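Let me give you the structure first, and then I'll get to my questions.
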Amino acid sequence: MFDENQGRDGSGEQRAPRAGFAELDVVGWIERPQYDARTHRLVWSLSAKDRRAAANEPQTINYNTYVLGREGYVSLNLVTDSDAIDVAKVHAKELLAATEFRAAKPTQELCGVDG
């Protein structure tokens, strides 16, 4: 996952300039991928630096959260800078905690089997 986001597959670096975005270098993990099996939530976060930015400028933080369900998932993504991530992460975790799927369907309904 880290290598893909760093553009080591060759695609990341080529897409950004064509789309009008700044070219970013992935600096490292802010939070390594963590899965909570009890709540079915996945969280991970990377920091990146604009290639043209001065060394003292804040890094960009991409904070990704997923609530996994039986038939799909909800993704909540927070993009902020390194100066604001601690406060923003509190709000992201509140949103994540308040996000849930309705009660699960019976297995028969998921499999398309009539009662």
Side-chain angles (χ1 to χ4, degrees):
M1 182 186 308
F2 185 80
D3 288 346
E4 289 174 13
N5 282 292
Q6 237 179 348
R8 289 188 181 156
D9 63 353
S11 62
E13 292 182 24
Q14 295 169 3
R15 287 187 307 234
R18 285 190 306 214
F21 297 111
E23 293 181 82
L24 300 174
D25 289 319
V26 174
V27 176
W29 294 110
I30 295 299
E31 200 166 322
R32 291 188 178 275
Q34 298 174 16
Y35 176 69
D36 184 333
R38 186 182 60 78
T39 62
H40 306 291
R41 281 150 169 78
L42 173 65
V43 176
W44 59 275
S45 180
L46 290 170
S47 67
K49 186 83 172 165
D50 183 330
R51 288 184 178 173
R52 296 170 298 184
N56 62 344
E57 287 189 32
Q59 295 177 2
T60 299
I61 307 297
N62 188 339
Y63 187 80
N64 299 276
T65 61
Y66 298 87
V67 180
L68 308 176
R70 289 181 123 183
E71 295 186 65
Y73 64 93
V74 174
S75 174
L76 303 169
N77 295 322
L78 168 67
V79 178
T80 188
D81 65 48
S82 53
D83 291 342
I85 187 61
D86 290 334
V87 172
K89 196 169 15 174
V90 170
H91 298 295
K93 287 185 177 185
E94 288 172 357
L95 283 172
L96 185 62
T99 305
E100 61 185 46
F101 288 97
R102 293 184 182 170
K105 292 181 178 181
T107 303
Q108 296 87 351
E109 192 175 329
L110 281 171
C111 297
V113 177
D114 293 328

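Values in this document were obtained by computation on a predicted structure and should not be read as measured data.
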- Any side-chain heavy-atom pair from L68 and Y35 closer than 4.5 angstrom?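 Yes, their side chains come closer than 4.5 Å.
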- Message: Y66 vs H40, test: side-chain hydrogen bond (donor to acceptor under 3.5 Å, both in side chains). Steps then yes/no.
- Response: CA-CA 8 Å; Y66 298 87; H40 306 291; over 6 Å; no
- Message: Within the structure provided, determine whether L46 and W29 are in side-chain contact (heavy-atom separation under 4.5 Å).
- Response: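 The answer is yes, as the side chains (C-beta and beyond) meet within the 4.5 Å cut-off.
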- If you measure from CD on E94 to CG on L96, what distance do you get to the nearest 0.5 Å?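 Going from CD on E94 over to CG on L96, the span is 11.0 Å.
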- Message: Is there a side-chain contact between E31 and K89 in this structure, where contact means two heavy atoms from C-beta onward sitting under 4.5 Å apart?
- Response: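 Side chain of E31 against side chain of K89, heavy atoms only: contact under 4.5 Å found.
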- Item | Side-chain heavy atoms of I85 within contact of L78, under 4.5 Å |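 Yes, side chains in contact.
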- Taking atom OH of Y73 as the centre, does the number of heavy atoms from other residues, nucleotides or ligands within less than 6.0 Å exceed 12?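 Open: at most 12 neighbouring heavy atoms sit under 6.0 Å from OH of Y73.
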- Query: Say you draw a straight line from NZ of K93 to OH of Y63; how long is it, rounded to the nearest 0.5 Å?
  - Reply: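 That separation rounds to 4.5 Å.
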- salt bridge (charged side-chain N to carboxylate O under 4.0 Å, His left out) with D25: which of R51, K49, R52?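 Only one of R51, K49, R52 forms a salt bridge (charged side-chain N to carboxylate O under 4.0 Å, His left out) with D25, namely R51.
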- Item | Heavy-atom check, side chain of P33 versus side chain of V43, under 4.5 Å |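 Not touching, per the 4.5 Å side-chain cut-off.
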- Message: Please report the interatomic distance CG(L76) to OG1(T65), rounded to the nearest 0.5 Å.
- Response: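 One finds 4.0 Å between CG of L76 and OG1 of T65.
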- Value rounded to 0.5 Å, distance of CG in D83 from CD1 in I61: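 Answer for the CG-CD1 pair, D83 versus I61, is 9.5 Å.
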- T60 side chain reached by D81 side chain, heavy atoms, under 4.5 Å: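 No, side chains not in contact.
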- Task: To the nearest 0.5 Å, tell me how far T39 OG1 sits from R41 CZ.
- Result: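 Output value for this atom pair is 5.0 Å.
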